[in-house]
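Structure first, commentary second.
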There are 2 protein chains.
Amino acid sequence: MEKKTQKHGKSVVKMRDVAALANVSIATVSRYLNGNLDRMSADTADRVADAIDKLNYVPNSAARQMVKKSSGLVAVVAGNIDDFFSTEMFKGINAMLESKGYIGVLFDSNSDLDREKHLMQIVSNQYFDGAILQPYNTVQVIRETIKRPMPIVMADREIEQSPWPQVVTNNYEVARQATQYYKDKGFKRVIMITSSLSMAANRRDRYYGIQSVINNIDVLEVSEKSYNHKKVLEQLTTLINGSQEDTLIFALKERWLTEFIPRLFYMGLIDNDHVAVTGFSDTGTAQYIDAKTKLIAQNPYLIGASSGEIMLNMLEGKHRDPEKIVVPAKFG
Amino acid sequence: MEKKTQKHGKSVVKMRDVAALANVSIATVSRYLNGNLDRMSADTADRVADAIDKLNYVPNSAARQMVKKSSGLVAVVAGNIDDFFSTEMFKGINAMLESKGYIGVLFDSNSDLDREKHLMQIVSNQYFDGAILQPYNTVQVIRETIKRPMPIVMADREIEQSPWPQVVTNNYEVARQATQYYKDKGFKRVIMITSSLSMAANRRDRYYGIQSVINNIDVLEVSEKSYNHKKVLEQLTTLINGSQEDTLIFALKERWLTEFIPRLFYMGLIDNDHVAVTGFSDTGTAQYIDAKTKLIAQNPYLIGASSGEIMLNMLEGKHRDPEKIVVPAKFG
DNA sequence: CTGTTAGCGCGTTCAC
DNA sequence: GTGAACGCGCTAACAG
């Protein structure tokens, strides 16, 4: 056995130990590790392999990174990992990254501006090859925070004057389209359920999209962090009964769909004729609320995959303009 | 401006540049960066600060890690980040880790044995100070995969003969307790809804817990990946109507609660008297399905926090025995 | 208070 | 086909 005296017992076996046991130089071991097998006899390679195995040698990635200037790691800073959207986007990102040997690691802003900033600092200070952000801070803050020049992609949340490539959704258009569908069926009024803060830009675009078709909108704000379920239900009931017009309930986020709507159906408040419901949906869970309900389906996985693809391009030096890619959501 | 010729334009400004501009030695800059301000005149510190600012200097973390033998990063390999359980656990982990200056990064096994193994390899090869796993592989596989000696904590999923500390839930006990509650009310039969594969150990314990009270169990397996919603509803309907006994529907996972149960209520199949429903729940969403429904609430955040705390202890050298901590779930 | 210097472990020429 | 030696950027003694 080798000495293992370092902090936390980290193995102290290094390349030179392997080299010694295999009776070769460290250069040969390095070559073996990096797959340059063509410059080495099969016998040598075998001996090196054996030695590595016997000693349980693990390369020191910090040393390798220092000279290679790359870690193979891409940081993904998500808005809130409790959201299916964020996690599914991450899966999409990784699907792309891993095809080229990179791997994404996930950080959670927890819907907190300061925390997001803190995470960006860490990402900037650690050895990541690139960063994909689902950002809430402004371009300026991001610029000041991530000091180290590195490839950056903005995912999901549109940001003004972005110097980085973006991948976004057609929030305005699809909200407009959905609203139009119900307007054509005679609905003249909207109750919009939204969270109070998160994803301001997306929320705003959706709101405008609705408004461009139906102007009569009641907004019900629900706090992401904590709300009184019963009270919200009462508010909804009051709102629904507060008008004779045919009413469309429009949830800007799937969560409000699954948490409130089944109960309203159960209570008989939604009949699809005079009171209907629609909203943005990511998971597919919401679609089972009622057979007649038509929703807006986003594609977080594809947004992630696109972001990942752009990141790969940047990593390979094909620097791209700060283009904006739109991954459309679909209504129906 | 300095040369920025490296890959991806990584800044090539290094400590010696800062030192030169500030007219000090690199040791002084290093001291400044590491907060040893007491050994330096305020004036010097200022000059260093200015130089860092002017040059936009960012320390090379790989070099630092190489000598410090620590990155401050802890890897968290979660079973499936689409599950609220995993993400909430991660939040709990970070709450603890960050109190001591560490930070957790999240990896996603995607409920895939091989993928989990692959991730463990990466974690083992990169410079992480420790790893918290929500494991699906066996002790042996994990041992063979993570070759580098490092602090490891197992979270959520119980594993036989673990050489590492574990934090788990009282699956058996709480399932038993919930079932008993309904048995006392006259229920004599259980329909159990479960996913086909994931978290085998947890699932098994829950099953045994139910079985220890009520033996008459119909098992309905639903695939996590893809299932026919309508068909499952039909199966459930058939099962419910297939017996005159008072029946308890027991979901081993919240997802089945939110996806199927509201519809059953709507269809009038659940009345809480002859057909009732319960199950494991993480988010609190499910509790709004019906006022009379009593669920089992897990505490993923606390499981994470406990895991994080143990990890901190190990990182600080207080090596702990492979103890097992139980974070109880609560019924009611 | 501040500077000098010897490693940290690995990749990579350039010789042999 | 293989090895010796330098350099990556930083920290931590040890000098002064």
Side-chain angles (χ1 to χ4, degrees), chain A residues 2-8 10-48 51-52 55-72 125-127 148, chain B residues 2-8 10-48 51-52 55-72 125-127 148:
Chain A
E2 294 64 45
K3 284 188 306 183
K4 296 188 182 179
T5 51
Q6 289 185 241
K7 200 177 175 189
H8 311 310
K10 236 169 239 171
S11 170
V12 84
V13 182
K14 48 198 81 162
M15 248 172 59
R16 67 160 151 276
D17 300 320
V18 177
L21 183 58
N23 239 317
V24 296
S25 80
I26 60 170
T28 303
V29 179
S30 174
R31 286 190 190 106
Y32 175 85
L33 254 35
N34 291 287
N36 297 354
L37 300 180
D38 43 338
R39 299 191 183 178
M40 157 180 4
S41 73
D43 182 57
T44 321
D46 279 351
R47 291 211 314 282
V48 174
I52 289 177
L55 295 177
N56 236 302
Y57 166 72
V58 181
N60 180 321
S61 63
R64 177 199 293 252
Q65 285 168 30
M66 183 159 76
V67 32
K68 284 244 193 179
K69 275 142 191 30
S70 161
S71 64
N125 287 329
Q126 296 284 350
Y127 230 77
R148 182 164 60 86
Chain B
E2 295 62 45
K3 282 190 305 180
K4 296 189 180 177
T5 51
Q6 288 186 241
K7 201 179 174 188
H8 310 311
K10 237 169 235 167
S11 171
V12 84
V13 181
K14 47 199 83 163
M15 249 174 56
R16 65 161 154 275
D17 300 320
V18 177
L21 183 58
N23 239 317
V24 296
S25 79
I26 62 170
T28 303
V29 179
S30 175
R31 287 191 189 105
Y32 175 85
L33 254 35
N34 290 289
N36 297 355
L37 300 179
D38 43 338
R39 296 190 184 180
M40 155 181 4
S41 74
D43 181 55
T44 319
D46 280 350
R47 291 212 315 280
V48 173
I52 289 176
L55 295 177
N56 236 302
Y57 166 72
V58 180
N60 180 320
S61 64
R64 176 200 295 251
Q65 285 170 30
M66 182 159 76
V67 30
K68 285 252 203 177
K69 273 135 190 36
S70 161
S71 64
N125 288 329
Q126 295 285 348
Y127 230 77
R148 181 164 60 87

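Letters A, B, ... mirror the listed sequences (proteins, then strands); counts begin at 1.
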Next on the checklist: Go nucleotide by nucleotide along DNA chain C from the 5' end; which of A:R16 and A:N36 gets its closest nucleotide reached first?
Outcome noted: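 On the 5' side of the pair lies A:R16.
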
Item to check | Comparing B:A45 and B:V67 on DNA chain C - which has the more 5′ nearest nucleotide | outcome: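 Nearest nucleotide further toward 5': that of B:A45.
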
Checklist entry - Would you find a donor on one side and an acceptor on the other, under 3.5 Å apart, between the side chain of A:R31 and the backbone of A:N36? => result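 Not at all, since once roles are kept as given, no pair shorter than 3.5 Å links the two residues.
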
Checklist entry - Taking the side chain from A:Q65 and the backbone from B:Q126, do they hold a donor-acceptor pair closer than 3.5 Å? => result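 Not a single qualifying donor-acceptor pair exists.
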
Roughly how many Å is it from [atom1] in [X] to [atom2] in [N], rounded to a whole number?
{"X": "B:N60", "N": "C:dC10", "atom1": "CG", "atom2": "C1'", "result": "14 Å"}
{"X": "A:D17", "N": "C:dG9", "atom1": "CG", "atom2": "P", "result": "9 Å"}
{"X": "B:R148", "N": "C:dG9", "atom1": "CZ", "atom2": "C1'", "result": "14 Å"}
{"X": "B:N125", "N": "C:dG9", "atom1": "CG", "atom2": "P", "result": "17 Å"}
{"X": "B:M66", "N": "C:dC10", "atom1": "CE", "atom2": "C1'", "result": "8 Å"}
{"X": "B:L37", "N": "C:dT2", "atom1": "CG", "atom2": "P", "result": "11 Å"}
{"X": "A:Y32", "N": "D:dT2", "atom1": "OH", "atom2": "P", "result": "14 Å"}

[X] side chain, from C-beta outward: closest of [options]:
{"X": "B:K14", "options": "D:dG9, D:dT11, C:dC10", "answer": "D:dG9"}
{"X": "B:T44", "options": "D:dG3, D:dG9, C:dT2", "answer": "C:dT2"}
{"X": "A:A27", "options": "D:dG9, C:dG11, D:dG3", "answer": "D:dG3"}
{"X": "B:I26", "options": "D:dG9, C:dC10, D:dT11", "answer": "D:dT11"}
{"X": "A:S30", "options": "C:dG9, C:dT12, C:dG3", "answer": "C:dT12"}
{"X": "B:K69", "options": "C:dC10, C:dC8, D:dG9", "answer": "C:dC8"}
{"X": "A:R64", "options": "C:dG7, C:dT2, C:dC10", "answer": "C:dC10"}
{"X": "B:M40", "options": "D:dA4, C:dG7, C:dT2", "answer": "C:dT2"}

Next on the checklist: Apply side-chain contact (heavy atoms from CB on, under 4.5 Å) to residues A:N60 and A:R64 and explain how you reach the verdict.
Outcome noted: CA-CA 6 Å; A:N60 180 321; A:R64 177 199 293 252; over 6 Å; no

Next on the checklist: Give me the atom names and distance for the closest heavy-atom approach of A:R148 to B:V58.
Outcome noted: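 Between these two residues, the closest heavy atoms are N-CG2, 3.9 Å.
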
Next on the checklist: Restricting to non-hydrogen atoms, name the atom on B:Y57 and the atom on B:V13 that form the minimum distance, rounded to 0.1 Å.
Outcome noted: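 Minimum heavy-atom contact is CD1-O, 3.5 Å.
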
Checklist entry - Start at the 5' end of DNA chain D and walk down; is the nucleotide closest to B:A63 or to A:S41 reached first? => result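 This one resolves to A:S41.
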
Which part of the nucleic acid does [X] contact within heavy-atom distance under 4.0 Å: base, sugar-phosphate only, or nothing?
{"X": "A:T28", "answer": "sugar-phosphate"}
{"X": "A:M15", "answer": "sugar-phosphate"}
{"X": "B:V24", "answer": "sugar-phosphate"}

Checklist entry - From B:K14 NZ over to B:L55 CG, what is the distance, rounded to the nearest 0.5 angstrom? => result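 Spacing of NZ (B:K14) from CG (B:L55) equals 12.5 Å.
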
Does [X] have a side-chain nitrogen or oxygen under 4.0 Å from the phosphate oxygens OP1 or OP2 of [N]?
{"X": "A:N34", "N": "C:dG11", "result": "yes"}
{"X": "B:Y127", "N": "C:dC10", "result": "no"}
{"X": "A:Y57", "N": "C:dC10", "result": "yes"}

Item to check | Side-chain donor/acceptor contact of A:R31 with base of D:dG3 under 3.5 Å | outcome: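 Pair found.
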
